[in-house]
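Reading through the structure tokens given below for one structure.
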Amino acid sequence: MRMSRSFVPTLKEVPADATVASHQLLVRAGFIRQLAAGIYSVLPLAQRSLLKITDVVREEMNAIGGQEFYLPALNPREVWEESGRWSVMGENMFRLKDRKGADLCLAMTHEEVFTVLARAELRSYRQLPQTWYQIQTKFRDEPRPKSGLLRVRQFTMKDSYSFDKDNAGLDTAFESHRQAYAKIFGRCGLKTIQVDAHSGAMGGSGSTEFMVPTDAGEDLIASCESCAYAANTEKAESKVETPNTYAESGGTAALQKFATPGVTTIEALSKPPHGVKADQQLKTLIYMADEKPVIAIVRGDDQLNEAKLQTASGAQILRPAHAEEILKLLGAKPGSLGGVGLGEKKFPLFIDARLAGLSGLVTGANEDGFHLQHVSVPRDLAYAVSRDLRMVNAGEGCPKCGKPLVVGKALEVGHIFKLGTRYSETMGARVLDEAGREQPIVMGSYGIGVERILAAAIELHHDQDGCKWPMSIAPFHIALLPLQMQDALVREAAEKLYLELTKAGVEVLLDDRDERAGVKFKDADLIGIPVRIAVGKKGLAEGKIEWKLRGSKDFELVTLADVVARAQQAVRDGGGKLARA
RNA sequence: CGGGGCGUAGCGCAGCCUGGUAGCGCGCCUGCCUUGGGCGCAGGAGGUCGGAGGUUCGAAUCCUCUCGCCCCGACCA
């Protein structure tokens with residue numbers, strides 16, 4: 001491609017509204033432009049890289065027997081009603097009506113439509129297993145789009161679905177996806193770690209996320225550096241010592257109400273005149289699980305993990321209760337709540353597992369301005385269900401080996417789910433087994449965010465001057481810079497190289513603009529093309545060009561006759577592919 | 001949704017408090033000059049000041065409403 005005739009709008013200055021590196025550089029280097037919040041136009045450079053990413057994805061999906069589909073993004077309400085997700089998806093789903101007034105939505109994912117196909121056409125276990133996938137546009141009305149391409153409302157997803165006759169088959173499909181994903185991300189230049197994750201609105205029995213560790217990410221993952229344990233903090237567990245410290249100081253004493261006027265926070269209660277340490281307090285939180293109240297109790301100095309409460313309660317939609325709802329249910333305002341004496345109210349009540357057996361604790365009395373002391377969990381909260389509900393903290397013991405856990409930010413680029421029969425049962429996708437009995441198909445679903453790979457690659461590979469693309473997904477393999485366009489010899493040499501390289505399958509961006517050398521260097525660095533070939537008067541006099549890798553400080557003089565072979569080798573060595581000439 | 005911030009030329013910003021002339025840098029166009037890390041000089045084009053309403057002789061500036069965008073907290077590829 002010739003720079004002089006290309007649409008590559010680079011910027012000298014950092015766009016004011018971009019905060020993360022990938023966003024700043026994608027805009028500055030002319031890869032994307034914003035149309036609206038969370039909606040971006042993909043410009044030619046980005047499109048080239050995205051096509052390379054999807055090529056990698058296709059190769060690896062096909063390698064595990066995936067068959068490529070292309071399903072509609074525009075879906076009728078009915079199929080989403082069947083799975084129950086028309087309501088579960090809530091405001092996150094874009095909805096619209098057709099001219100007849102029928103409800104439609106823009107699909108956020110495609111379990112429903114693929115399940116419709118499966119139930120209509122799959123009759124026998126002999127047709128299984130099947131692996132179906134597509135690379136398609138997804139729409140999600142995110143509450144808060146942010147960080148350029150990292151969190152958007154319209155994006156490209158590779159989503160695949162496995163259909164098996166039993167759990168053993170699902171395990172196999174899940175494992176082959178795991179390996180395919182590891183290859184895909186590796187080939188795209190990403191280092192990922194696999195973590196146990198919460199399944200969220202997808203449902204199903206288990207899931208693994210592929211995470212790129214970077215501060216630009218929004219997830220927190222806990223990992224152990226001495227064993228293989230890694231989990232999203234939504235799900236992570238830890239070993240924490242919880243001695244029954246307060247039992248000795250009157251743990252068996254009778255419950256006692258005491259006045260705490262104006263005290264509505266853990267912190268306030270921990271200060272004089274009360275001086276109740278946070279780890280002696282019970283934090284009582286009221287949630288609405290599918291619009292029915294549930295109560296969660298964690299230690300005062302712990303944080304409730306909402307994902308864990310969602311799992312414990314079995315709720316599809318979980319939200320904190322509003323203040324009015326709480327007042328109605330418990331007769332007190334937040335800040336004075338407690339679980340003691342609620343046994344007969346029959347609310348589902350969960351208590352964090354680390355509190356089991358403890359006594360000598362303090363909790364709200366469900367009466368504004370009062371708390372209870374000498375609370376004994378076995379005596380006063382016997383009806384509460386004990387579950388792991390707390391958020392892990394860095395430094396706590398790894399649940400596997402006990403060594404301290406590390407907590408760090410990461411970006412989710414892929415997520416694989418064992419769905420089981422969650423969709424086949426609700427939507428009636430069954431096949432006959434060997435004995436002629438109808439059995440629900442056992443499903444898995446697997447997603448990759450394509451644009452996120454692009455952005456993650458920049459987060460991982462960039463410097464002060466710009467992007468540093470891995471060869472495999474770089475928009476071009478080589479930037480060819482004639483340094484003095486007014487010099488006919490330089491121009492001709494560059495043109496000749498451009499033809500030879502292109503013919504050899506090397507993708508070259510020829511900067512044939514009538515610009516000064518500095519401008520070309522800056523743009524080549526900013527765009528981040530892996531190899532730069534500078535053709536200048538000085539080198540040419542000796543029949544040589546300057547060969548420089550984007551990352552390195554120095555260049556090397558290479559004889560003109562050697563350039564093509566060297567370029568082809570560099571493309572292959574970098575994991576890139578030569579274009580079909 | 002809750003909290004905070006910002007909308008003035010393609011980009012980055014000043015002007016607003018204290019109403020009256022819309023300005024700077026980059027980019028863009030023309031010419032000359034220069035030519036190995038975003039050259040220099042000269043000339044030039046380009047703006048419904050996000051939108052609507054109000055106050056006023058007069059509004060980018062004051063008031064009301066509204067739309068949009070960004071950031072921080074609850075969701076997900």
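Both backbone and side-chain heavy atoms feed into the values below; hydrogens, waters and symmetry mates do not. Note on naming: letters A, B, ... go to the chains in the order of the sequence lines (proteins, then strands), and numbering restarts at 1 for each one.
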Run the salt bridge (charged side-chain N to carboxylate O under 4.0 Å, His left out) test against A/K496 and tell me which residues pass, sequence neighbours left out.
A/E500
Using the P atom in both, what is the distance from B/rU55 to B/rC28, to the nearest Å?
46 Å
Hey, is the side chain of A/Q486 poking within less than 4.0 Å of OP1 or OP2 on B/rU34, counting only N and O atoms?
no
When we call it a touch if two heavy atoms are under 4.0 Å apart, what does A/D523 touch: a base, just sugar-phosphate, or nothing?
base
Applying a 3.5 Å limit to both distances, which nucleotide forms a Watson-Crick or G-U wobble pair with B/rG73?
B/rC1
Please tell me if the side chains of A/I529 and A/R550 come closer than 4.5 Å, counting only heavy atoms from C-beta onward.
no
Choose from B/rC75, B/rA77, B/rC13 the nucleotide whose nearest atom is closest to any side-chain atom of A/A16.
B/rC13
Identify whether any heavy atom of A/G414 sits under 4.0 Å from a base atom; if not, whether one sits that close to sugar-phosphate; answer base, sugar-phosphate or nothing.
sugar-phosphate
Taking ring pair (Phe, Tyr, Trp, His ring centres under 6.0 Å) as the definition, give me every residue that meets it alongside A/W80, ordered by chain and number, with sequence neighbours left out.
none
Which base, if any, makes a Watson-Crick or G-U wobble pair with B/rG7, both distances under 3.5 Å?
B/rC67
For nucleotides B/rC6 and B/rC17, find the distance between their P atoms and express it as a whole number of Å.
15 Å
Look at all strands and tell whether A/E209 reaches a base, only sugar-phosphate, or nothing, counting heavy atoms closer than 4.0 Å.
nothing
Which residues share a ring pair (Phe, Tyr, Trp, His ring centres under 6.0 Å) with A/Y446, sequence neighbours left out:
A/H177
Roughly how many Å apart are B/rA59 and B/rU8, using the C1' atom of each and rounding to a whole number?
14 Å
Restricting to pairs with a member in residues 472-489 of chain A, which pass side chain to side chain donor-acceptor pair (under 3.5 Å), not counting sequence neighbours?
none
Which base sits across from B/rG36 as a Watson-Crick or G-U pair, both distances under 3.5 Å?
none
Describe the nucleic acid contact of A/V413 in one word from base, sugar-phosphate, nothing, applying a heavy-atom distance below 4.0 Å.
sugar-phosphate
Gap in Å between the two P atoms, one belonging to B/rC69 and one to B/rG50, rounded
16 Å
Look at the side chain of A/Q484 and decide which nucleotide, out of B/rG36, B/rC39, B/rC75, has an atom nearest to it.
B/rG36
Is there any protein nitrogen or oxygen under 3.5 Å from a nitrogen or oxygen in nucleotides 41-49 of chain B, and what are the pairs?
none

Answer yes or no as to whether B/rG36 has its base stacked against A/F521, where stacking requires a ring-centre separation under 5.5 angstrom and planes under 30 degrees apart.
no
Report which part of the nucleic acid A/T19 touches: base, sugar-phosphate, or nothing (heavy-atom distance under 4.0 Å, all strands).
sugar-phosphate
Does a side-chain N or O from A/R516 land closer than 4.0 Å to OP1 or OP2 of B/rC39, or not?
yes
Identify, with sequence neighbours excluded, every residue that meets ring pair (Phe, Tyr, Trp, His ring centres under 6.0 Å) alongside A/Y133.
none
Taking only N and O in the side chain of A/K12, is any of them less than 4.0 Å away from OP1 or OP2 of B/rG27?
yes
Just call it for A/A534: base, sugar-phosphate, or nothing, with non-hydrogen atoms closer than 4.0 Å on any strand.
nothing
